[in-house]
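To keep things clear, I will list the structure first and then write my remarks on it.
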Amino acid sequence: MRIVLAMTAALVLFLTLAGIGAGQQPVTITYWQYFFESKVKLVDQLIKEFEAQNPGIRVVHENFPYDAYNQKVASAVPAGQGPDVINLFYGWVPLYVDSRYLQPLPADAFPPAEIEREFVPMIKNSKFDGKYWALPTAVRSLALFYNADLLRAVGFTRPPVTWDEFAVAAEQTTVRDAAGRITTEGFGVAPAGQDHHLIREVLFRQWGVAPYSADGRRVTYATPQGAEALKWYTDLITQRKVGVIEFFPGGGGYRNAFMAGRAAMIFDGSFAIGSIRGGTKAAWGVAPLPRRTLGGEPSNFGSYWVHGLTVRAQGPRRDAAIKFLKYLVSDAVQRLWLERVGELPASRKLVGDARLSADPIYGPFIQGLSYARATFFVDETAQRQVLVDAVNEVVVNNKSPLQALQEAAVKEQKILDEFWAKRARK
Amino acid sequence: MVTRAPSAGLVLPQIRLGTRRALWAYTFLLVPLLFFLTIRLAPAFSSLYISLHEWNIISPDKPFVGLQNFRTLRDDPRFARAAVNTVRYVLAGIPAQIALGLALALMLQRINRFRGLFRALYFMPFVTPIVATAWVWQWMYSQNFGPLNQILVALGLPAQPFLRSPGQALYAVAAAVVWQYLGFQVVIFLAGLEAIPRVYYEAAEVDGASGWRLFRHITVPLLNPTLVFSVVYSTIVYLQLFTQVLNMTFQDQGGPLAGTLTVVLYVYQLGFQRFKMGEAAAATAVLFVVILAITLLQMRVLSKPVEY
């Protein structure tokens with residue numbers, strides 16, 4: 001008797017609660033990103049605001065260590081679990097599309113013409129198979145970090161603007177000991193750091209060579225001009241001797257050397273601002289990447305993380321996910337992202353904002369965005385290795401830059417061919 | 001004769017006490033066995049299975065490709081380079097480690113004071129985290145700031161590129177590995193030397209033998225089991241070299257120009273940086289076969305039973 005009573009009571013309670021909820025069924029969507037403290041904190045706050053604006057939607061925010069991120073996605077999505085909105089590196093988009101994890105952005109909610117009008121040009125690289133699959137909140141670009149104290153000591157009151165000036169400044173700031181070994185680099189060289197991007201998207205282009213064909217299928221840098229560009233870079237190490245590879249050991253050795261006042265200039269991404277700001281004692285500044293001549297063509301390398309809709313987002317969840325995605329890439333969120341995370345806005349309007357581009361630190365990076373290109377990588381690790389090896393072939397093995405580039409082009413073409421051949425089979 | 005069960009309450013009085021003890025032992029051994037099967041053996045076999053597939057971590061399609069991954073590796077110059085390098089590590093590292101280890105053990109055996117202290121000092125690198133020592137060694141080898149080059153320059157010799165030279169880098173890494181394992185080697189040899197009865201030496205000395213002949217005809221043959229263990233164990237260590245190489249060449253891992261790349265480091269790059277699990281598993285399978293073959297060969301050739 002008692003059991004029957006208890007069960008009835010439970011049933012009544014359940015029906016009452018269910019009845020309350022039935023009025024406005026909330027939709028719950030899930031957002032995934034890898035763990036990066038400032039991003040996680042900001043997204044938590046953004047979700048609160050978004051939920052306040054959209055009472056029917058609840059967003060669950062989950063994050064994983066960077067190293068395990070892809071595995072998590074790969075095990076969750078095919079099992080029908082995982083996120084509705086997902087954060088991924090732009091270079092992974094082809095892989096995610098081919099694996100059928102992403103759905104194309106609906107053209108009515110995100111018209112392609114509008115995307116191309118509103119976002120910085122480099123996001124064209126997220127267009128794959130003729131469709132947009134994902135959009136960024138923030139982007140990154142490269143700039144020249146300089147130690148103002150060291151430059152001033154040799155008479156440079158402003159950072160170099162042309163490559164010739166850069167070379168002179170590097171030569172004058174280099175300090176050697178009695179045995180001829182460098183104790184302070186004029187230029188903190190780092191082929192495996194950001195310099196391989198610099199060679200690919202900046203030096204090649206400014207020396208008149210497009211590194212790849214427009215469709216991204218062919219390697220086109222192995223030309224005499226390409227070799228000139230590579231030689232200009234390797235000469236800094238072998239002829240002018242203004243820097244040595246792995247001057248400071250470790251992944252960010254060139255950056256550590258700069259922070260320790262042991263490198264007068266380095267090329268680094270906007271993501272380095274935080275560490276450099278925290279760890280540099282000398283007066284330092286940021287300048288746009290040098291050009292070949294004063295009025296010459298500027299170029300830059302950009303990269304970014306994007307938010308996409310997964311195939312899991314269907315029905316009401318898809319509508320909610322679209323709303324959340326629109327919110328994430330809105331100008332208001334982009335501004336907050338710059339303030340809190342230190343990543344550059346992806347919107348042309350913000351890039352054109354005079355106040356933002358006048359910022360002494362972020363300004364040079366933001367100016368670079370209007371012409372930055374994101375390389376279409378199919379296997380970034382292997383492609384980076386190819387260019388790092390080309391530099392070493394010249395610096396360590398005394399190969400001619402043209403021969404080193406020709407060998408590099410053969411190796412990289414093989415990587416591209418393999419990717420496209422696999423796609424064609426699918 | 002049937003042993004009576006000590007307690008009448010037991011259901012299986014027929015089982016002998018010895019058998020019952022053995023059964024219990026097996027029961028308890030079953031637990032680690034289960035662990036071994038699921039955590040070690042099953043993944044090993046699944047990696048053989050993966051090696052026959054095109055296995056991208058992300059992609060849900062993992063088609064069977066037969067021996068394609070092995071053919072790709074055969075034609076991959078980086079894999080060939082990694083394999084040759086790995087053999088070089090073995091050939092350079094093991095003789096150096098065994099010779100130095102034996103020399104130190106013989107000297108330590110002669111002293112009585114501070115033997116424990118010396119042993120502890122030599123053993124210390126072995127218990128220091130590999131990553132930490134690798135980073136310290138990277139600074140030691142630094143072209144511009146490293147103490148090794150400071151010494152060379154002070155002696156009027158030219159500074160060496162060490163880790164920046166494709167020719168020297170491999171041996172520079174091998175030297176650091178030898179240093180790390182030296183203490184372990186010394187301890188193993190010391191134990192082996194202690195196990196050789198003094199009477200053999202005394203008898204030989206009475207017969208007029210000394211120095212080199214004692215070492216050649218008594219120490220070496222009777223130390224043989226220890227030597228075999230050392231060679232087999234360190235071969236496996238050098239064939240699986242990874243952490244030291246990764247951390248000592250952190251910017252250009254396995255570089256410069258693949259000069260320090262090992263098979264295991266290449267497996268890691270293929271599988272976890274380039275998402276090519278199939279090829280990575282195939283390389284692992286090749287390494288497994290090579291380690292097995294070398295180990296069997298070493299056991300066959302090196303272990304000669306010595307009777308005195």
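Order of the sequence lines sets the chain letters (A, B, ...), proteins ahead of strands, with each chain counted from 1. Reckoned from all heavy atoms, side chains included, excluding hydrogens, waters and symmetry mates.
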Tell me whether [X] at atom [atom1] has more than 12 heavy atoms from other residues, nucleotides or ligands lying less than 6.0 Å away.
X: A/Phe35; atom1: CZ; result: yes
X: A/Lys411; atom1: NZ; result: yes
X: A/Lys72; atom1: NZ; result: no
X: B/Phe45; atom1: CZ; result: no
X: B/Tyr122; atom1: OH; result: no

In Å and rounded to the nearest 0.5 Å, what is the [atom1] to [atom2] distance from [X] to [Y]?
X: A/Thr381; Y: B/Gln269; atom1: OG1; atom2: CD; answer: 8.0 Å
X: B/Gln143; Y: A/Ile182; atom1: CD; atom2: CD1; answer: 9.0 Å
X: A/Glu418; Y: B/Thr72; atom1: CD; atom2: OG1; answer: 7.0 Å
X: A/Tyr101; Y: B/Ser59; atom1: OH; atom2: OG; answer: 6.5 Å
X: B/Leu257; Y: A/Glu393; atom1: CG; atom2: CD; answer: 4.5 Å
X: A/Glu246; Y: B/Phe162; atom1: CD; atom2: CZ; answer: 14.5 Å

I'd like to check [X] versus [Y] (side-chain heavy atoms, cut-off strictly below 4.5 Å). Are they in contact?
X: A/Asp177; Y: B/Asn144; value: no
X: B/Val153; Y: A/Arg181; value: yes
X: B/Phe145; Y: A/Arg262; value: yes
X: A/Val396; Y: B/Ser165; value: no

What option among A/Ala190, A/Gly252, A/Pro249 has the most heavy-atom pairs under 4.5 Å with chain B?
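Ranked by heavy-atom pairs under 4.5 Å with chain B, first place is A/Pro249.
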Counting heavy-atom pairs under 4.5 Å with chain B, which one of A/Gly253, A/Gly250, A/Gly193, A/Ala179 comes out on top?
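Heavy-atom pairs under 4.5 Å are most numerous for A/Gly250.
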What's the verdict on side chain to side chain contact (heavy atoms under 4.5 Å, CB included) for A/Gln385 and B/Arg274, showing C-alpha distance, side-chain angles and the deciding distance?
CA-CA 12 Å; A/Gln385 190 70 56; B/Arg274 303 177 56 191; over 6 Å; no
Ionic contact status for A/Lys414 with B/Asp75, cut-off 4.0 Å
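The answer is no: the pair does not qualify as a salt bridge.
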For A/Asn392, is it the side chain, the backbone, both, or neither that has a heavy atom closer than 4.5 Å to a heavy atom of chain B?
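Its backbone and side chain both get close to chain B.
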Show the numbers, then the answer: is there a side chain to side chain contact (heavy atoms under 4.5 Å, CB included) between A/Val244 and B/Arg164?
CA-CA 10 Å; A/Val244 285; B/Arg164 276 301 304 155; over 6 Å; no
Which atom of A/Tyr254 lies closest to which atom of B/Gln251, heavy atoms considered
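In this case the closest contact between A/Tyr254 and B/Gln251 is N-NE2, 4.3 Å.
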Is it true that A/Arg384 and B/Gln273 share a donor-acceptor pair across their side chains at a distance under 3.5 Å?
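B/Gln273 vs A/Arg384: no donor-acceptor pair found between side chains.
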For A/Phe248, the option from B/Trp135, B/Phe250, B/Trp139 that meets ring pair (Phe, Tyr, Trp, His ring centres under 6.0 Å):
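Answer to the ring pair (Phe, Tyr, Trp, His ring centres under 6.0 Å) test with A/Phe248 among B/Trp135, B/Phe250, B/Trp139: B/Trp139.
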In terms of heavy-atom pairs under 4.5 Å, which option from B/Tyr141, B/Phe275, B/Phe272 contacts chain A the most?
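Going by pairs under 4.5 Å, I would pick B/Phe275.
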Side chain, backbone, both or neither: which part of B/Asn56 has an atom under 4.5 Å from a heavy atom of chain A?
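The side chain, not the backbone.
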